[in-house]
Amino acid sequence: MLKCGCISNNPGASLGDMQVAMENTTGFNGNPVLEKEDFQAPAGTPYVGCLAYPSGTNTWVSAPLNASGLAGIARTGYTQFRIEFDGLDDDDDTVDDFIGFYPGDNKNAGNHPVLEVRYY
């Protein structure tokens, strides 16, 4: 689950769903460290889930993984997830559209992303 830090001009209407992609073993761009190149690198397993748009600041959102996502989790090593829009990359209206999510190193531990695994 991800906790939303801020929303400005929610881009959902024009940019489409927030799809979750994943890469295991070496991470996006061949490196498990987060880098700007990760967002251009192809995903080993695209479209493993769909993240709901947050309803406001300080709300939690989650994306249950589909069968491909569950099968793609590295049991040893790294698994990285990336959020990407399935529609346009920009709506070209010259207005910033963004949703901010708190990172894992946020000073408030209550804001850290959570990987929740449920077995049924």
Side-chain angles (χ1 to χ4, degrees):
M1 295 189 304
L2 294 171
K3 190 169 188 183
C4 180
C6 59
I7 298 176
S8 176
N9 300 322
N10 192 329
S14 58
L15 301 181
D17 293 334
M18 288 190 295
Q19 294 288 335
V20 179
M22 68 186 290
E23 182 63 44
N24 58 21
T25 64
T26 61
F28 290 103
N29 198 38
N31 187 345
V33 176
L34 182 62
E35 302 172 304
K36 69 177 184 173
E37 291 83 11
D38 293 346
F39 298 94
Q40 302 301 321
T45 311
Y47 309 114
V48 298
C50 187
L51 190 67
Y53 278 95
S55 60
T57 299
N58 290 321
T59 58
W60 288 91
V61 294
S62 63
L65 298 179
N66 61 25
S68 296
L70 293 173
I73 294 175
R75 297 198 192 309
T76 58
Y78 298 97
T79 302
Q80 284 186 330
F81 295 94
R82 176 175 68 201
I83 301 167
E84 52 195 37
F85 295 107
D86 74 345
L88 303 171
D89 63 344
D90 188 354
D91 59 6
D92 297 323
D93 66 356
T94 68
V95 176
D96 290 338
D97 299 306
F98 62 89
I99 298 174
F101 294 101
Y102 290 109
D105 62 356
N106 184 271
K107 66 181 178 181
N108 180 346
N111 291 335
H112 292 181
V114 176
L115 176 61
E116 187 174 279
V117 180
R118 296 183 187 183
Y119 296 94
Y120 296 95

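Only heavy atoms go into these numbers, but all of them, side chains included; no hydrogens, no water, no symmetry mates. Keep in mind the model is a prediction, meaning the values are calculated, not measured.
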On a heavy-atom basis, which atom in [X] and which in [Y] lie closest, and how many Å separate them?
X: Q40; Y: R82; result: N-NH1, 4.5 Å
X: P54; Y: T59; result: CB-OG1, 3.4 Å
X: P46; Y: A21; result: CA-CB, 4.1 Å

Quick one: pull up [atom1] in [X] and [atom2] in [Y] and give me the separation to the nearest 0.5 Å.
X: L65; Y: C50; atom1: CG; atom2: SG; result: 12.0 Å
X: I83; Y: D17; atom1: CD1; atom2: CG; result: 12.5 Å
X: I73; Y: T45; atom1: CD1; atom2: OG1; result: 10.0 Å
X: Y102; Y: N58; atom1: OH; atom2: CG; result: 4.5 Å

Beyond-backbone contact of L34 with F39, side-chain heavy atoms, under 4.5 angstrom
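Counting from C-beta outward, L34 and F39 do come under 4.5 Å.
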Closer than 3.5 angstrom, by distance alone: can the side chain of [X] be matched with the main-chain N or O of [Y] as a donor-acceptor pair?
X: N106; Y: P103; answer: no
X: Q80; Y: F28; answer: yes
X: S68; Y: V48; answer: no
X: N29; Y: N31; answer: no

Are V61 and Y47 in one and the same hydrophobic cluster, where Ile, Leu, Val, Met, Phe, Trp and Tyr link if side-chain heavy atoms are under 4.5 Å apart?
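No, V61 does not connect to Y47 through the hydrophobic network.
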So if I apply the side chain to side chain contact (heavy atoms under 4.5 Å, CB included) rule between L51 and each of M18, E84, Q19, which one comes out positive?
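That would be M18; it is the only one of M18, E84, Q19 passing the side chain to side chain contact (heavy atoms under 4.5 Å, CB included) with L51.
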